[in-house]
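See below for the structure under consideration.
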Amino acid sequence: MIKSNISTDGHRQRIRDKFLKNGGAAFADYELLEAYLTIAIPRRDVKPLAKLLIAKFGSFAEVINAKNDELLAVDGVGENTLFALKIVKEAAQRMSWEMLKDKDLPIIADMDALIDYCRMSMAYQDVEEFRLIYLNGKNQVIDEASQQKGTINHVAIHPREVVKSALEKKASAVIMVHNHPTGDTTPSRADIDMTKKIRDALDSVNIVLHDHVIVSKYGCYSFHSAGLI
């Protein structure tokens with residue numbers, strides 16, 4: 001037993017040394033997850049668990065975004081491991097959001113950063129969610145808010161709610177974002193009609209609708225880039 005622990009400790013130390021020397025970019029998903037699990041689960045070989053989680057959910061991102069009950073159903077995952085995985089998810093989202101708010105340049109000059117944040121925080125949900133990103137007069141991000149959640153393929157939102165929210169935030173412009181859990185980011189006829197109604201409602205109070213972005217695990221769709229705004 002002692003010999004097994006020594007062997008495990010040596011393996012863990014090699015993982016730490018490799019990561020600290022070269023960073024994690026060269027790690028496969030299961031290796032990065034294994035490296036993290038060595039912190040969450042002491043004194044145990046966690047490589048089999050890391051491989052099992054990647055095999056079941058598909059990727060590191062899928063693992064940390066999996067539902068609590070789905071993770072707990074995996075043999076070897078307890079509350080401590082679940083807690084640790086969800087901390088990673090929250091930390092990643094919070095870091096991405098803070099980077100958006102700290103930008104000196106207009107967000108429309110770096111939409112990739114906004115899309116990365118939205119995909120990280122919304123793309124893995126199993127129901128549609130509608131969010132607003134509020135911008136100031138310099139088109140910098142000042143805040144965000146979730147307006148509504150719906151079903152797997154529908155979320156209802158009303159122009160007056162968007163206008164009221166934007167005015168309360170003292171926003172000069174907004175970017176609408178919603179997710180498609182099905183994975184297909186192609187806007188529906190309802191998405192297009194709703195976007196036009198909200199754009200017109202915002203125009204009536206001198207607030208600009210910069211874009212409406214649809215995100216999923218597999219990509220994104222920009223109404224602005226498509227010429228629909």
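- A 4.5 Å side-chain heavy-atom check between Glu128 and Pro181 finds at least one atom pair inside the cut-off.
- You'll find the side chain of Gln140 stays beyond 4.5 Å of the side chain of Leu135, heavy atoms only.
- Contacts of Glu144 classified as side chain to side chain donor-acceptor pair (under 3.5 Å), with partners at least two apart in sequence or in another chain: Tyr117, Arg131.
- By the salt bridge (charged side-chain N to carboxylate O under 4.0 Å, His left out) test, Arg199 is found to be paired with no residue, residues two or more places apart in sequence or in another chain being considered.
- In this view, Asp184 satisfies the salt bridge (charged side-chain N to carboxylate O under 4.0 Å, His left out) rule with no residue, not counting sequence neighbours.
- No side-chain donor-acceptor contact under 3.5 Å links Ser59 and Asp29.
- With sequence neighbours excluded, the residues that form a ring-ring contact (aromatic ring centres under 6.0 Å, His included) with Tyr221 are Phe223.
- Counted by atom type alone, His212 and His224 present zero donor-acceptor pairs between their side chains at under 3.5 Å.
- Residues forming a side-chain contact (heavy atoms from CB on, under 4.5 Å) with Ile115 (at least two apart in sequence, or on another chain): Arg119, Val213, Cys220.
- With sequence neighbours excluded, no residue forms a side chain to side chain donor-acceptor pair (under 3.5 Å) with Thr185.
- Not counting sequence neighbours, the partners of Lys217 by the side-chain contact (heavy atoms from CB on, under 4.5 Å) test are Glu62, Ala123, Tyr124.
- Applying the salt bridge (charged side-chain N to carboxylate O under 4.0 Å, His left out) criterion to Arg189, with sequence neighbours excluded, gives Asp193.
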Report, one line per pair, each donor and acceptor closer than 3.5 Å where one atom sits in a side chain of residues 65-78; sequence neighbours left out.
unit_1	atom_1	unit_2	atom_2	d
Asn65	ND2	Ala61	O	2.8
Lys67	NZ	Asp126	OD2	2.6

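- Under the 4.5 Å side-chain criterion, counting only non-hydrogen atoms from C-beta, Val162 is in contact with Phe130.
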What donor-acceptor contacts under 3.5 angstrom involve side-chain atoms of residues 88-96, with partners at least two apart or in another chain?
unit_1	atom_1	unit_2	atom_2	d
Glu90	OE2	Arg94	NE	3.3
Glu90	OE2	Arg94	NH2	3.0

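- A 6.0 Å sphere centred on NZ of Lys196 holds no more than 12 heavy atoms belonging to other residues, nucleotides or ligands.
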Atom pairs and distances, side-chain donor-acceptor, residues 166-173, under 3.5 Å, sequence neighbours left out:
unit_1	atom_1	unit_2	atom_2	d
Lys169	NZ	Asp143	OD2	2.8
Ser172	OG	Gly137	N	3.4

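- Annotation: ring-ring contact (aromatic ring centres under 6.0 Å, His included) contacts of Tyr36 (sequence neighbours excluded): none.
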